[in-house]
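Note that the structure is predicted; figures quoted are calculated from it, not measured. We name chains A, B, ... by the order of the sequence lines, and we start the count at 1 in each one.
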Protein chains: 2
Amino acid sequence: MILELQRATHATLQVLSARLVDLDLTPSELNALGNLADGTGRTVSELGAAVGSRPTTLTGVLDRLERRGLITRGARPGDRRAVLITLTDDGVATAAVITRAIADLEAETLAGLPASAVEGALAVLRALTR
Amino acid sequence: MILELQRATHATLQVLSARLVDLDLTPSELNALGNLADGTGRTVSELGAAVGSRPTTLTGVLDRLERRGLITRGARPGDRRAVLITLTDDGVATAAVITRAIADLEAETLAGLPASAVEGALAVLRALTR
DNA sequence: TATTGTTATACTCTATAACTATA
DNA sequence: TATAGTTATAGAGTATAACAATA
């Protein structure tokens, strides 16, 4: 099961990055934008927890995204230590492309499977996440 | 689903690497040894296909594993261009520890789930791998 | 004193291209 | 000519520790 999990994740990432190659973003950059896609701002720590990276790693990722005009770094009201990451208009558009690609791939691969299999898979994935 | 998949993979790798920290191996090194665990020799290309790495990446990984006495590089009969990767006795023992840790984690997390959920999960993972 | 984010450092992973030795 | 593996190079991800600003 765990080996299949790794394989499936790897294959999925391969397909996604191939479909999104025109965006010219690294996997970490795609991951960060995808997590910000709902339009809600997040601090560096919150984003790090969501994408599974340390603040020290995110600094470089966010530097590149900021340089390309996809995000902005602002202050969080109430705590001037925290940095609030927000998508720019360009960032929102790019994040939408990523979200759409994920939804499309998911719909394609799950199309032929019974609902019970999908439910079972979600149960297993959540058990593994704990 | 795909987001859950990424999360589950990430969480699983975190737990495994924490449990195997005493081995002092990087994720790629663990992956390579785990794939060689059945004791069958593989060429660099075959191993690369199995673990999802390029030969150019594996060279460095294999260098370190060889330096630590866990694998040997030999010639493949019939084609002297190919390099056959084989586990040493130490490598076999280390690979067994990795295999055991994976089996244990899998047994623990799937223990409370109905067989139908596990079957459904396998079906979904295989659909995603295609 | 503790926390947030950044910087510094060192190592690992990845991708591309060039190289060698074999085929 | 083509293939298997290595080397060279540069960019990107990771971990640890140290640091400045703020709490």
Side-chain angles (χ1 to χ4, degrees), chain A residues 6 9-10 13-14 16-18 20-21 23-36 41-68 70-86, chain B residues 6 9-11 13-14 16-18 20-36 41-68 70-86:
Chain A
Q6 310 283 355
T9 300
H10 185 251
L13 286 177
Q14 287 281 102
L16 275 181
S17 75
L20 295 172
V21 69
L23 295 181
D24 192 27
L25 295 166
T26 68
S28 281
E29 290 161 4
L30 290 173
N31 200 2
L33 285 180
N35 260 279
L36 291 165
R42 282 165 182 71
T43 66
V44 174
S45 297
E46 289 165 352
L47 185 58
V51 303
S53 295
R54 314 264 167 145
T56 190
T57 302
L58 277 182
T59 295
V61 174
L62 296 175
D63 282 350
R64 293 191 295 276
L65 292 177
E66 189 178 30
R67 214 178 302 134
R68 290 179 54 167
L70 298 174
I71 63 152
T72 57
R73 285 194 243 225
R76 159 135 112 183
D79 189 343
R80 280 188 300 178
R81 293 173 305 181
V83 171
L84 193 67
I85 310 298
T86 314
Chain B
Q6 310 283 355
T9 301
H10 185 252
L13 287 177
Q14 288 280 100
L16 276 181
S17 75
L20 295 171
V21 70
D22 287 349
L23 296 181
D24 192 27
L25 295 166
T26 67
S28 281
E29 291 162 3
L30 290 172
N31 200 2
L33 285 181
N35 260 278
L36 291 165
R42 283 165 180 70
T43 66
V44 175
S45 298
E46 288 164 353
L47 185 58
V51 302
S53 296
R54 315 265 166 141
T56 189
T57 302
L58 278 181
T59 295
V61 174
L62 296 174
D63 283 349
R64 293 191 296 273
L65 292 177
E66 189 178 30
R67 214 178 303 135
R68 290 179 54 167
L70 299 173
I71 63 153
T72 58
R73 284 193 246 226
R76 160 135 112 184
D79 188 343
R80 280 189 298 176
R81 294 173 305 181
V83 171
L84 194 66
I85 310 299
T86 314

* To do: Report the nucleotide, chosen from dG13(D), dT14(C), dT6(C), that has the shortest atom-to-atom distance to any side-chain atom of Thr57(A).
  => dG13(D)

* Which value, rounded to the nearest 0.5 Å, describes the distance between Arg73(B) atom CZ and Thr59(B) atom OG1? -> 6.5 Å

* Structure fact -> Walking DNA chain D from its 5' end, the first of Thr43(B) and Gly52(A) to be reached, judged by nearest nucleotide, is Thr43(B)

* To do: Flag the pair Leu33(A) / Ile71(A) as yes when at least one side-chain heavy-atom distance between them is below 4.5 Å, and no otherwise.
  => yes

* Return the nearest nucleotide to the side chain of Thr56(B); candidates are dT16(D), dA8(D), dG5(D). => dA8(D)

* Structure fact -> Looking only at dA23(D), dA4(D), dG5(C), the nucleotide nearest the Ala82(B) side chain is dA4(D)

* Is the distance from OP1 or OP2 of dT6(D) to the nearest side-chain N or O of Arg73(B) less than 4.0 Å? -> yes

* **side-chain N/O Thr26(A) vs dG13(D) OP1/OP2, d < 4.0 Å** => yes

* Tell me whether the OP1 or OP2 atom of dA23(C) has a side-chain N or O from Arg76(B) closer than 4.0 Å. => no

* Asked: Counting side-chain heavy atoms from C-beta on, which of dA15(C), dT7(D), dG5(C) comes nearest to Thr59(B)?
  -> dT7(D)

* So, is Arg54(B) close to the dT6(D) phosphate, meaning a side-chain N or O under 4.0 Å from OP1 or OP2? -> no

* Asked: CG of Asn31(A) to CG of Leu58(A): how many Å apart, nearest 0.5 Å?
  -> 9.5 Å

* Report yes if a donor N or O on one partner sits less than 3.5 Å from an acceptor N or O on the other, where the partners are the side chain of Arg81(A) and the base of dT3(C); otherwise report no. => yes

* To do: May I ask you to verify if any side-chain N or O of Ser45(B) is less than 4.0 angstrom from the OP1 or OP2 atom of dG5(D)?
  => yes

* Asked: Heavy atoms, side chains only, cut-off 4.5 Å: are Gln6(A) and Leu13(B) in contact?
  -> yes

* **Under-4.0 Å side-chain N/O to phosphate OP1/OP2 contact, Arg80(B) with dA23(C)** => yes

